[in-house]
Amino acid sequence: MELEKERGITIKARAVRLNYKAKDGEDYVLNLIDTPGHVDFNYEVSRSLAACEGALLVVDASQGIEAQTLANTYLALDHNLEILPVINKIDLPSARPEVVCGEIEDVIGIPAMDAPKISAKQGLNIEEVPEYIVKNIPAPTGDSTLPPRALIFDSYYDSYKGVIVYVRVMEGTLKPGMRIKFMATGGEFDVVETGYLLAKQMQPAQSLSAGEVGYIAASIKTVRDTQVGDTVTDANNPAKEPLAGYRKVNPMVYCGIYPADGAKYGDLRDALEKLQLNDASLSFEAETSAALGFGFRCGFLGLLHMEIIQERLEREFNLDLVTTAPSVVYKVHTVTGDVVDVSNPTNLPAPSEIDFMEEPFVNANIFVPQEFVGAIMELCQERRGIYKGMTYLDADRTNLHYELPLNEIIYDFFDAIKSRSRGYASFDYEMSQYVKSDLVKLDLLLNGDIVDALSFIVHSTKSYARGRKIAEKLKETIPRQLFEIPIQAAIGGKVIARETVKALRKDVLAKCYGGDITRKKKLLEKQKEGKKRMRQVGSVELPQEAFMSVLKLD
Amino acid sequence: MNCRRRHLCLFSSLINMIYIHIPFCLRKCLYCDFYSITDSSLYEAYTEAVIKEIKEHKGKNVETVYIGGGTPTSIGDGLKSIIEAVTDNFYFSEDYEFTVETNPKTSDSLLINEIAQMGVNRISLGAQSFIDSELKTLGRIHTSKEIFDSVEAIRRAGINNLSLDLMFGIPNQTIETLGKSLECVLSLDPEHISAYSLILEEGTPFYNMDLSLPNEDTEREMYYLINETLENNGIYRYEISNYAKKGMESKHNTRYWKDYEYIGIGAGAHSYNNGKRYNNVCDVGKYITGSERKENITFISHEERNLELFMLGLRLKNGIIYNGEYPEKVNPLIKKGLLELCGNNLKLTPRGTDLANLVFMEFTND
């Protein structure tokens, strides 16, 4: 993916089949899946792990173990996999492979004496890796003669072939011509093609049998019939039980996504459906906003995930989007005793109906060099973190444990950690529990009218400062218009901050003679283009960035 | 001037306005984004090339000629040769207007006298400000006193149609200093004034300088002060940035705003000819060699032309004669208080004059 290259991160898991002749003279088939590391994409990791017999834990020889290294190791352990450490990037001047091996043994507790020390970039010692796999990872078991069961671990939409599903066959055999059934959705299709996923292309194969990883094309046109985690079986000779599948992921962060041009609503739905095939952790449902019209409330695993999805929608589907501020899911206990999940601040019941509210907390591990411990602890305090303790990774590094409210870390916490540790700290978290909390809904009013897409929920101790900041930010982002625009931040009916965008005084080209006409016309056309991209909200024209200003705190 | 100017040729094309561009300056002003160069070794060759182009249009009837720049008077004798070619090759109407732009550093009385003798009857003098420190900030090469000297020379040459360029929104300019400049302007009793607000154009030294510019509010106050002062003294605004005594409005420029066609001669000069807009190559060297002179030829469709009539015509204080065209564009603008109908005339309101781009942009292509 272009986006992965630009950002230098892995977003999507990638599967590949490798034919390998080992030193013992035997031919082996290795099925490898490369996975992302960032916590926002750990659904990609856990899905891949379920399709495997073992895992290579690749550790950077200069960075050492990072918070996500630990998190991903635990995921692999959960799946009972053989874990093999590999030390990469030994070509870097700051590489310290021996120290890192020690860290792996001390911190994670798995032997690392035999770990290959390689440089994938320069091709150093890489031949050790497949040998290492052949020697240590057990070959898949599974009976090819049983009724087939294959786990769908990924899928995508191909405009010619329809939905292509990636499977790990656990038992039995799948081949073209066979009528298959998706056990959870009940959809039945005729297999058109089966094949292997090679490094550069997909290679059709006569069949896929137990232990193999590959793809199935079956002219599947309806995206909804395929679900990652579902089990594929023979419709005429079905397996009795589906495979364990995947734990359904619960999105942690929600935001509203709207087409900039209201007429593109259908295109956006189409795009989301297709993207969901390729990214099962994305969820969405239709919603409407008074300010933005028809759109979708989308759920993500984190802010990076949200950013990536937005960008993929814009790039891969050529859509122009307006997104609202992200929100976590609050549990609202009403006076009548009901518990309501609220992920869209607009849906928060009236204060008189609310008994109390709870917000999600996470357990966070922050790996940080000694010298930045103070700075990071300060940051966690600012974000309402509860200190849980610290452990020493080695003489120089510490693992800080905090409980943090999710709504304090979804915005810019990751960046803040990096900037306060000069890039050295790493961070990982998992959901812990809901905690009763003093939360309020902050509304923003433009010209006296609440703009629903700008409302958000915030801890009461932070509401004043946030209200002021956002009002200031909006003042910067909203261009001067025909009339003066008052901006107010309010809690309930009470205004807590006010700014004013003054009326536009001047917008006129002083000169326009014969030689200027063509150029000035172009200028005016450009200005008109910019005006068109604004969202009309009541009497006010809002640029798209205004909806994200709630995000930018610094 | 010879007698040909009084006899109109009945068979010449309809275009009767000519613009001639002289892209030379003694020095470049810091705010200027027009193409001009300071290399005097090219004067002669350039003059020849312009005269050659003038001859291509031989026999045209003209009502207005405008020689602009740059600083046309900076090339001295070359300018005289060009004026001679103009009068030799075109037929002038009875009430022709022939303008030459100049600046206070290049308006020596001898040259002004000569060109007045040759038929030039209007001078546009780039005064900009009468505060020496402001002139220096702008990178102008003249002083306030030199403006007075130039005006004296121009008047002595018998020119009774003088236009002064004035600038506002200059770095460090205040309402007070603008007031002083306006007093000086009035003491010179010009027939016409163009008052432009300074615009920072990309590619100019000003664009990248850290300047203390008057804010938007002060800048508008300056505009209102100019309006009020000049109108109180019998010099009326007739276009967004142009003022004149009754009957002394620039005929040439008014034709641009009425969307007349015109022919541009010289490097970088724009033409609007036979429904097409195009420009000559900007680079003086390339212009002189004459290869591939015309660039950016754009055909203006009937629809575009109708839109241009609004975009340009609404710059005029009295606006345009309105017959109900584009009600979907016009009515909302009236409702917003930017346009008004006075009898048959559709024109900018005072607020619309400050925010004219919001009006003009409605009359551009989607």
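FYI, side chains are in, hydrogens and waters are out, and symmetry mates aren't considered; it's all heavy atoms of this structure. Source: prediction; values computed, not measured. Residue numbering restarts at 1 for every chain, and letters A, B, ... go by the order of the sequence lines.
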State, with a plain yes or no, whether a side-chain heavy atom of A:Val508 is found less than 4.5 Å away from one of B:Ile240. yes
If you apply the rule salt bridge (Lys or Arg N to Asp or Glu O under 4.0 Å), what do you find for A:Lys521 with B:Glu308, and how did you get there? CA-CA 9 Å; A:Lys521 240 162 92 173; B:Glu308 276 183 9; 2.5 Å; yes
Counting only heavy atoms closer than 4.5 Å, note whether A:Lys522 contacts chain B via side chain, backbone, both or neither. neither
Kindly check if the number of other-residue, nucleotide or ligand heavy atoms within 6.0 Å of CD (B:Glu328) is above 12? yes
B:Asn215, part contacting chain A, at a heavy-atom distance under 4.5 Å: neither
Student check: side-chain heavy atoms of A:Leu504 and B:Asp354 closer than 4.5 Å: no
Bottom line for B:Ile199: the part with an atom under 4.5 Å from chain A's heavy atoms is side chain
Donor-acceptor under 3.5 Å (B:Arg351 side chain, A:Leu482 main chain): yes
Does A:Arg505 come within less than 4.0 Å of B:Asp217, counting only side-chain N to carboxylate O? yes
Please step through side-chain contact (heavy atoms from CB on, under 4.5 Å) for the pair A:Glu525 and B:Met361, ending with a clear verdict. CA-CA 6 Å; A:Glu525 276 162 18; B:Met361 87 181 142; over 6 Å; no
Using non-hydrogen atoms only, which part of B:Tyr19 is less than 4.5 Å away from chain A: side chain, backbone, both, or neither? neither
Does a side-chain heavy-atom distance below 4.5 Å link B:Phe34 with A:Asp516? yes
Tell me yes or no: between the side chains of A:Lys511 and B:Ser194, is some donor less than 3.5 Å from an acceptor? no
What's the spacing between B:Thr298 OG1 and A:Ile517 CD1 if we round to 0.5 Å? 12.0 Å
Is the A:Tyr513 ring parallel, tilted or perpendicular to the B:Tyr196 ring (thresholds 30°, 60°)? perpendicular
Rounded to the nearest 0.5 Å, what separation is found between the CZ atom of A:Arg480 and the CG atom of B:Leu355? 10.5 Å
Can you tell which of B:Glu219, B:Met17, B:His252 has the highest number of heavy-atom pairs within less than 4.5 Å of chain A? B:Glu219
Measure B:Asn279 against the heavy atoms of chain A and call it side chain, backbone, both or neither at under 4.5 Å. neither
Heavy-atom pairs under 4.5 Å with chain A: which of B:Gly337, B:Ala356, B:Ala195 has the most? B:Ala356
Show, in sequence, the C-alpha distance, side-chain angles and deciding distance for A:Leu509 and B:Asn357, and conclude whether the side-chain contact (heavy atoms from CB on, under 4.5 Å) test is met. CA-CA 7 Å; A:Leu509 296 167; B:Asn357 288 355; 3.5 Å; yes
Any chance you could measure B:Glu216, atom CD, to A:Lys506, atom NZ, to the nearest 0.5 Å? 7.5 Å
Measure across A:Lys528 and B:Thr364 and return the closest heavy-atom pair with its distance rounded to 0.1 Å. NZ-O, 2.9 Å
Could you state the interatomic distance from SG (A:Cys512) to CD (B:Glu239), rounded to the nearest 0.5 Å? 8.0 Å
Give, for atom CZ of B:Phe360 and atom CG of A:Asp507, the distance between the pair rounded to the nearest 0.5 Å. 10.0 Å
So does A:Ala510 get a backbone contact from the side chain of B:Arg315, meaning a donor-acceptor N/O pair under 3.5 Å? yes
